Every structure is written in C-alpha cells, then in structure tokens.
Number of protein chains: 4
Amino acid sequence: MTAPRRNERSRRAILAAALELLSETSYPDLTIEAIAARAGVGKQTIYRWWRSKGMVILEALVDSAGEPGDMALPDTGDLRADLRTVLRATVAEFADPRLSATTRAITIETLADDDLAEQVRDQLLRPQLSAVRERLRAGRRAGQVHESVDLDLAVELLFGPIYHRWLLRNGPLTEAYADDLVDLAMAAMAPGRSRLEAAP
Amino acid sequence: MTAPRRNERSRRAILAAALELLSETSYPDLTIEAIAARAGVGKQTIYRWWRSKGMVILEALVDSAGEPGDMALPDTGDLRADLRTVLRATVAEFADPRLSATTRAITIETLADDDLAEQVRDQLLRPQLSAVRERLRAGRRAGQVHESVDLDLAVELLFGPIYHRWLLRNGPLTEAYADDLVDLAMAAMAPGRSRLEAAP
Amino acid sequence: MTAPRRNERSRRAILAAALELLSETSYPDLTIEAIAARAGVGKQTIYRWWRSKGMVILEALVDSAGEPGDMALPDTGDLRADLRTVLRATVAEFADPRLSATTRAITIETLADDDLAEQVRDQLLRPQLSAVRERLRAGRRAGQVHESVDLDLAVELLFGPIYHRWLLRNGPLTEAYADDLVDLAMAAMAPGRSRLEAAP
Amino acid sequence: MTAPRRNERSRRAILAAALELLSETSYPDLTIEAIAARAGVGKQTIYRWWRSKGMVILEALVDSAGEPGDMALPDTGDLRADLRTVLRATVAEFADPRLSATTRAITIETLADDDLAEQVRDQLLRPQLSAVRERLRAGRRAGQVHESVDLDLAVELLFGPIYHRWLLRNGPLTEAYADDLVDLAMAAMAPGRSRLEAAP
DNA sequence: ACTTAATCGAGACGGTACGTCTTGTCTTGAG
DNA sequence: CTCAAGACAAGACGTACCGTCTCGATTAAGT
C-alpha cells in the first residue's frame with residue numbers, strides 16, 4: 001500500500017485560501033473556483049481530496065485548532081471562576097466577526113450535510129464540551145456540584161444559551177452575559193438539597 | 001397613493017409551492033425556478049415581491065403561524081407542568097424531520113443574511129420566547145421563581161440547550177430530555193435562598 | 001359603425017418616440033417598452049394599434065414621407081443629369097448614418113416579416129421606383145433610351161448596386177460612385193443599335 | 001503557446017444544430033439556448049467561442065462553402081453563357097426558401113453588427129464577387145468587354161439588382177430574369193464605341 | 001539514474017440556476 | 001371605452017459555478 005503522493009504545499013495553500021476568502025466574503029459567495037484560483041491550484045486538486053467546501057473549512061479549522069491537549073480547562077479550585085474564564089472566551093469568540101465567520105460557515109453546511117455534521121461534532125465540538133464536562137466532574141468530586149446532576153446536560157446549559165443567542169441574534173454577547181449565565185447555571189447545579197424538592 | 005396591485009392568488013401559490021418543495025428536497029436544492037414552475041408563476045413575480053428565497057420561506061412560516069394570540073402558554077398554576085408541555089412540544093418539533101426542515105432552511109439563510117435574521121427574530125422567535133417569559137413572570141408572582149432571576153436569561157436556559165443539541169446533533173431530542181431540562185432549569189430559578197450564597 | 005376613438009396625440013407621441021430612440025440605439029435594442037415609456041403611453045396603446053415595432057417604424061416613415069406627389073422626378077430634358085440628381089440623393093441618404101438608421105431598421109424587420117415586407121414595398125419602395133421608371137419612359141419617348149429596354153429592370157440596374165453596396169458595406173457611397181453608376185446604366189440603355197448584336 | 005483545446009466534435013454539433021434550426025424557424029426565433037440544447041452542448045461552450053448567433057451562422061456558412069478554389073467560374077470562352085450560368089445559380093439560390101434562409105439570417109445580423117458585416121464581406125462575399133470580376137477581366141482581354149469599364153462596378157451591376165429584388169421582394173427571381181439581367185449588363189459593358197459618346 | 005504512474009495547474013466541457021429583461025396579455029382606476 | 005400604469009406568465013438572455021473530463025508537465029517512488 002503506497003502512501004498517497006499528495007502535495008502538502010497545495011493542501012496548505014488551499015486551506016489558507018479558503019480561510020482568507022471566508023474573511024472577505026460571505027460563505028455562500030465562497031466558491032471552489034475562487035479557492036482554487038486564490039490557491040493557484042487546479043479545481044481537480046480540491047475535488048480529489050475533499051467532498052465539499054464544508055469539508056475544506058472543517059479541515060482548516062481542525063488544522064488550526066492545534067493539539068487536542070490544549071483544550072483542557074484550568075482547574076484553580078474555584079469552579080465558578082474557571083467557568084467564567086471559559087464562557088467569557090467563548091462569548092468573545094462568537095462576538096468577534098472575524099472568528100465567528102468560519103463557525104458560521106461550518107454551521108451552515110452542517111445543517112444540510114449529515115456526514116459533515118458528524119465530523120464537526122466529533123472533531124471540533126465534543127473535545128471542547130468534554131473538557132468542560134471533566135472540569136464539572138472534578139467540581140462534583142470537590143462537592144461543588146450536586147450528585148444527581150447529568151453533567152452532559154449541565155454542559156449544554158452553559159453553552160446552549162450562547163449558541164442560541166448568537167444564532168438568533170437575540171441579544172448582545174458580553175462578558176456580563178457570560179458571568180450571569182455561569183451564575184444561573186451554577187445555581188442549577190448547586191448541592192445542598194434535593195433539586196426536585198426545591199420546587200413545589 | 002395607490003396600493004400595489006398584487007395578485008393574492010399568485011402569492012399563495014408561491015408560498016405553498018415553496019413549503020411543498022422544501023419537504024421534498026434539501027434547502028440548498030430548493031431553487032427559485034422550481035418554486036415558480038411549481039406555483040405556475042413567472043420568476044419575476046417572485047423577484048418582484050421577495051428579496052431571496054429565505055424571505056419567501058419566512059413569509060410562508062409567518063403566514064402559517066396564525067394569530068399571535070395562539071401563542072400564549074397555558075397557565076395551570078403548575079409551572080413545572082406547563083414548561084414541560086412547552087418544551088416537549090418544542091423538542092417534538094425539532095425531532096420531526098418534516099417540521100424541522102423549514103426551521104433548518106430559515107436558519108441556514110439567517111446565518112448569511114442579517115436583514116432576514118432580524119425579521120425572523122422579530123416575527124417568529126421573539127413572540128414565542130415572550131410567551132414563555134410571561135408564563136415565568138406569572139410564576140414569579142406566584143412565588144415559584146426566585147425574585148432576582150433575569151427572565152430573558154431563564155428563557156434562554158430553557159431553549160438554548162435544545163437549539164444547541166439540534167443544531168449540532170449532539171444527542172437525541174426526546175421527552176425525557178425535555179423533562180430533565182425543565183427540572184434543571186427550574187432548580188436554577190428556584191426561590192428559597194440566595195442563589196449566589198448557595199455556591200461556595 | 002363608430003370610428004375608433006383613437007387618441008391622435010398618443011399616436012404622434014409614439015411615432016416620434018420611435019424615431020428618436022432609433023437614432024440613439026441600434027434597432028434590436030429598440031424595445032416597445034422603451035417607446036411606450038418615452039412617449040408617456042401605456043404599452044397596450046401600442047399593441048392595440050400596431051402588430052409589431054416594424055409596423056410602428058413603417059408608419060413613422062410613411063407619415064414623414066409626405067405627399068406622394070413630392071416624389072415626381074424633375075424632367076430637365078437631360079436624362080443623364082436628372083438620374084445623377086436622383087442617385088446622388090439616394091447615395092447621400094444611405095451614406096448618412098442618421099438617415100439610414102430607419103432604413104436599416106425597416107429592412108431588418110422586413111427580412112422576417114412577409115406582411116410588413118409587402119407594405120413597405122407598396123407604400124415606400126414602389127412609389128419611389130415608379131417615379132424613376134416614369135422618367136425613363138419619358139426618356140424613351142425622347143429617344144434617349146432603347147426601345148426594347150425593360151424599364152423595371154433598368155430601374156433595378158440603377159438602384160440595385162447601391163442597395164448591394166450599402167447592405168454589404170462593399171465600398172464607399174460617394175457622388176462619384178453615383179455618377180459612374182448612371183453612366184454605366186445609361187450605356188446599357190443606350191439606343192442606336194441592337195443591344196444583342198452588340199455582343200459577340 | 002498552447003493551442004486552445006477546443007472540442008471539434010462540439011463545434012461541428014453546434015454549427016449543424018444552428019443550420020438545422022434555421023430551416024425550422026425564423027431567424028429571430030432561433031435562440032442560443034435552442035442551439036445548445038439541440039447540439040447537446042452547454043450554452044457556455046457557444047458563448048466561449050462565438051460572440052453572437054450571427055457569428056455561429058457565419059462560421060457554419062464558411063465551413064460549408066468549402067475550398068476557395070471551388071469558386072472559380074467556368075471560362076468556356078462565351079462570356080454571356082458563363083455569366084448566365086452564374087446568375088441563374090445565384091437567382092436559384094435566392095429563390096429557394098431553404099437556401100435563402102441562412103442568407104436572410106446573416107443579412108439581418110449584418111445590418112446591426114459592423115464587425116460581423118466586415119467578416120461576412122471578407123469571407124463570403126468578396127471571394128464570390130472576385131471570381132466573377134476575374135471572369136470579366138478575362139473577357140476584357142478577349143475583347144468582349146469595353147476597355148474603360150470599372151470591373152467592380154460591373155460586378156455590382158450584375159448582382160445588385162438580384163439582391164435588390166430579393167431583399168425588397170420586388171418581383172420574381174426566375175431564370176428569365178437572370179438572362180435579361182445578363183443581357184442588359186453586357187450591353188453596358190459592350191466594346192465597340194465610346195460609352196460616353198453613345199449618350200446624347 | 002530510469003521508469004512509470006499518480007498528481008499537479010489549467011481550463012474546456014455538459015449542465016443548472018441565477019437575476020434581469022422583454023414580450024404580449026390582463027387588470028385596475030381615472031377621466 | 002380609452003387611456004397610463006404596471007402586474008402577470010413565459011421564457012431567452014448572458015454569467016457564474018458546479019463537478020467531470022482531458023491535456024501535458026512535474027514529481028516522487030520503486031526499480
């Protein structure tokens with residue numbers, strides 16, 4: 001079995017061109033022809049290695065995401081502070097038009113391409129969410145999170161509102177918002193009494 | 001000032017054709033030419049009245065949403081039960097491929113068209129969210145929700161995770177999920193003690 | 001039987017607008033919509049009274065041609081001089097881009113519309129050619145034209161080359177050309193011997 | 001310098017389809033879309049290589065005209081007979097609706113497209129007219145044509161009337177007409193006396 | 001080094017949809 | 001009923017991309 005004689009130089013040029021063009025035009029206006037032209041590459045070279053422009057963007061994102069280890073959250077012992085750090089960073093990323101352009105792009109394609117959606121979920125989303133989940137697990141061990149809380153649901157409670165607000169442009173994405181969200185979510189996870197008893 | 005002499009018959013045929021086609025093909029495969037052909041209408045008649053196919057879908061959705069009054073939530077006095085009713089319905093809608101097709105479509109276009117996003121937010125999203133917020137406000141008056149809770153944020157806590165899970169296909173959308181989400185969110189809103197004191 | 005309640009004001013405005021636009025754009029770019037807009041007239045008013053834009057141009061030309069009597073040739077007794085006068089005028093008309101624009105336009109339409117062709121022939125062309133034929137007949141009576149010459153053919157001998165050269169852009173249309181043509185044609189018509197015997 | 005990698009198969013299919021369609025519909029009804037569809041070719045392939053449908057027709061005509069050498073006239077020594085042969089053929093071509101359809105088409109476009117007109121003149125018309133002119137030159141050498149006759153003008157004297165009559169539908173195009181025309185034109189060219197003296 | 005087969009840049013190809021334009025008909029409301 | 005205005009169904013325009021294909025030229029193994 002011979003390794004594919006793929007031109008690494010072309011591969012990098014294509015990914016770079018794709019990200020470049022994304023920052024200049026909207027995603028639907030991003031064409032494979034334009035990527036090929038910008039990268040100085042034949043169209044076939046793109047079609048040979050990627051199924052769609054969504055896949056190109058995905059690879060560009062994964063490529064620039066760096067090592068998976070980088071993703072681990074800090075654990076200062078103060079759960080609230082650590083979550084604030086993460087959610088502030090997330091909010092900042094979504095608020096920055098430059099950074100959110102690629103997220104927007106990949107999200108669009110994801111909505112109409114199940115295969116791509118799966119890959120985005122496994123390669124980009126899950127690692128991030130898992131890192132937060134592990135931090136929550138550590139918090140539970142430290143008695144800062146109620147025993148019965150479903151950690152996956154708790155993670156969604158933290159990130160869902162941000163996606164919702166970003167996606168639907170339903171309000172500003174600020175640090176204060178991130179902090180309020182952390183406070184409210186932590187109230188949901190708080191230990192000290194039965195959560196179900198708390199409601200009438 | 002003369003009213004535009006618009007043909008209501010054509011308008012209805014176009015909206016119906018758009019929804020029909022959406023249920024047959026994916027959104028990117030939905031073309032204005034196909035809508036015109038199916039509706040038995042000239043292309044120009046679509047371009048004359050709508051800026052994009054996203055706008056056509058939006059109008060179709062708004063048209064079929066019916067009266068704004070229909071949107072008010074039931075108030076049985078049992079907040080948890082009422083929220084479960086709403087979130088179960090929401091989850092069911094997102095889980096149904098037929099029903100979520102239009103939502104998916106409008107969401108795609110929304111990501112690349114700020115003007116459309118604004119209209120979707122104001123005409124479709126806000127009325128729904130407001131209805132839930134008003135139910136929460138009633139709950140607060142009844143002492144079932146903590147005084148200090150930001151009701152808008154609370155609403156996002158309920159719907160954000162669902163959008164997040166649907167959008168990123170990060171898990172199944174079931175009744176049990178809706179119920180768990182209601183429980184966790186209500187824990188966050190629960191009255192009876194200072195929420196901030198509850199955390200170390 | 002009531003006379004058609006036709007608006008003379010609109011009719012004139014349409015014909016004027018058509019000629020105006022013809023001098024500004026090429027004939028294929030002349031649209032009925034533009035004529036209607038320029039004339040401040042509804043499109044239907046044009047379609048009501050004319051079958052095609054060719055018919056509009058034809059009526060404009062006939063309208064501006066004036067009385068049929070104007071067409072009679074001068075008869076100074078000098079046939080050659082009189083023919084030079086006519087052919088020089090004809091050549092000048094074809095050479096002038098402004099004047100030949102309408103001729104070009106009507107010719108185009110004529111090539112694809114038999115009915116229009118017939119009307120152009122009868123209302124515009126035949127009267128002109130007849131005037132020349134009558135001058136030739138007078139010349140024959142005066143002994144300047146051979147008895148056996150078919151006068152219709154002779155007329156074509158005078159105008160055919162001009163049309164040919166204009167139509168196919170096969171050379172300049174100058175006074176000298178007109179004069180040479182008159183000389184050559186008159187040689188063909190010259191009396192004094194049997195024409196057929198003249199050739200070996 | 002690499003030769004353009006043009007698909008000869010497509011080129012032939014396009015020219016054939018254009019001629020086919022021309023014989024079925026009128027020229028203004030001939031659309032590029034229809035040519036592309038009939039030829040089994042993308043529209044862009046036509047637009048890539050031709051500026052207009054007129055240019056397509058021109059190339060089809062030039063392509064089918066064959067070798068330029070084919071154009072040389074017979075020289076039996078009998079000038080009148082040879083010219084009759086040519087003019088009878090010309091008249092027959094114009095009289096045949098099938099054959100004159102393409103001529104009509106190219107003529108229409110020629111009237112509104114100077115560049116096309118030039119190419120038609122140089123590639124189609126001039127070679128034909130030159131062939132006749134050379135026959136006349138041979139006739140002059142043989143003493144059958146007057147020394148002072150401008151041969152280009154003489155050629156126009158032969159073909160101009162035919163174009164005129166065809167273009168303006170000003171009479172039937174028959175063999176008798178061709179013969180009469182040859183006789184009259186030869187009278188104009190006849191040697192044996194000063195042409196100018198012949199007229200009073 | 002030589003061979004050889006896949007990959008490369010380039011871009012033509014058959015298609016499809018775009019958004020615009022014009023056609024000829026139809027509809028509305030003012031005069 | 002005619003008119004100006006302009007919406008309508010129809011469909012061609014010329015352009016932009018799609019994804020496939022064909023062309024030499026380059027390149028990197030495996031001999």
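Within every chain, numbering begins at 1; the chains are lettered A, B, ... in the order of the sequence lines, protein sequences first and strands thereafter. The figures here come from the full heavy-atom set of this structure, side chains too, leaving out hydrogens, waters and symmetry mates. Quick caveat: nothing in here was measured; it's all calculated off a predicted structure.
Between D/Asp63 and D/Arg11, at least one side-chain N (NZ, or NE/NH1/NH2) sits under 4.0 Å from a carboxylate O, which counts as a salt bridge. Looking at C/Glu109 and C/Lys53, no side-chain N of the basic residue comes within less than 4.0 Å of a carboxylate O on the acidic one, giving no salt bridge. Salt-bridge check for C/Lys43 with C/Glu33: passed, with a basic side-chain N closer than 4.0 Å to an acidic carboxylate O.
The interatomic distance linking D/Arg48 (CZ) with F/dC17 (P) rounds to 14 Å, in whole Å. Per the geometry, CD1 belonging to B/Ile46 stands 13 Å off P belonging to E/dT20, to the nearest Å. When rounded to the nearest whole Å, the span between CG of A/Leu21 and C1' of F/dC17 equals 14 Å. F/dA5 atom C1' lies 18 Å from atom CZ of C/Arg38, rounded to whole Å. To the nearest angstrom, P of E/dT23 lies 14 Å from CG of D/Asp29. What separates CH2 of B/Trp49 from C1' of F/dA9 is a distance of 15 Å, to the nearest Å. One atom, CD of C/Glu8, and another, C1' of F/dT2, lie 15 Å apart when rounded to the nearest Å.
For the segment residues 11-18 of chain A, the set of residues with a heavy atom within less than 4.0 Å of an atom of DNA chain F is empty.
Closest approach of A/Leu167 to B/Thr110, counting heavy atoms only: O-CG2, 3.8 Å. Minimum interatomic distance between A/Arg104 and B/Leu111 (heavy atoms only, all atoms of both residues): CD-O, 2.6 Å.
Heavy-atom contacts from other residues, nucleotides or ligands closer than 6.0 Å to CZ of C/Arg9 number 12 or fewer. For A/Arg51, the CZ atom is densely surrounded, since the number of other residues' heavy atoms within 6.0 Å is greater than 12.
Close to E/dA12, at under 4.0 Å from its OP1 or OP2, lies no side-chain N or O of D/Thr45.
Ranking E/dC13, F/dT2, F/dC8 by closeness to the D/Arg6 side chain, first place goes to E/dC13. In this structure, of E/dG9, F/dC3, E/dC8, it is E/dC8 that holds the atom nearest to the side chain of A/Asn7.
When the nearest nucleotides of DNA chain E are assigned to A/Ser10 and C/Thr31 by heavy-atom distance, the more 5′-ward of the two goes with A/Ser10. Two residues, D/Ala36 and A/Ala36, neighbour DNA chain E, and the one matched to the more 5' nucleotide by heavy-atom proximity is A/Ala36.
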Could you go over nucleotides 19-21 of chain F and give all protein N or O partners under 3.5 Å, atom names and distances?
unit_1: F/dG19; atom_1: OP2; unit_2: A/Tyr47; atom_2: OH; d: 2.8
unit_1: F/dG19; atom_1: N7; unit_2: A/Lys43; atom_2: NZ; d: 3.1
unit_1: F/dG19; atom_1: O6; unit_2: A/Lys43; atom_2: NZ; d: 2.6
unit_1: F/dC21; atom_1: N4; unit_2: A/Gln44; atom_2: NE2; d: 2.2

Exercise for the section: Walk me through it: do A/Leu15 and A/Trp50 pass the test side-chain contact (heavy atoms from CB on, under 4.5 Å)? Expected result: CA-CA 11 Å; A/Leu15 299 183; A/Trp50 290 279; 3.9 Å; yes

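Below the 3.5 angstrom threshold, one finds a donor paired with an acceptor across the side chain of B/Arg5 and the base of F/dA5.
A donor-acceptor distance shorter than 3.5 angstrom exists from the side chain of C/Thr25 to the backbone of C/Leu21, with no hydrogens or angles considered.
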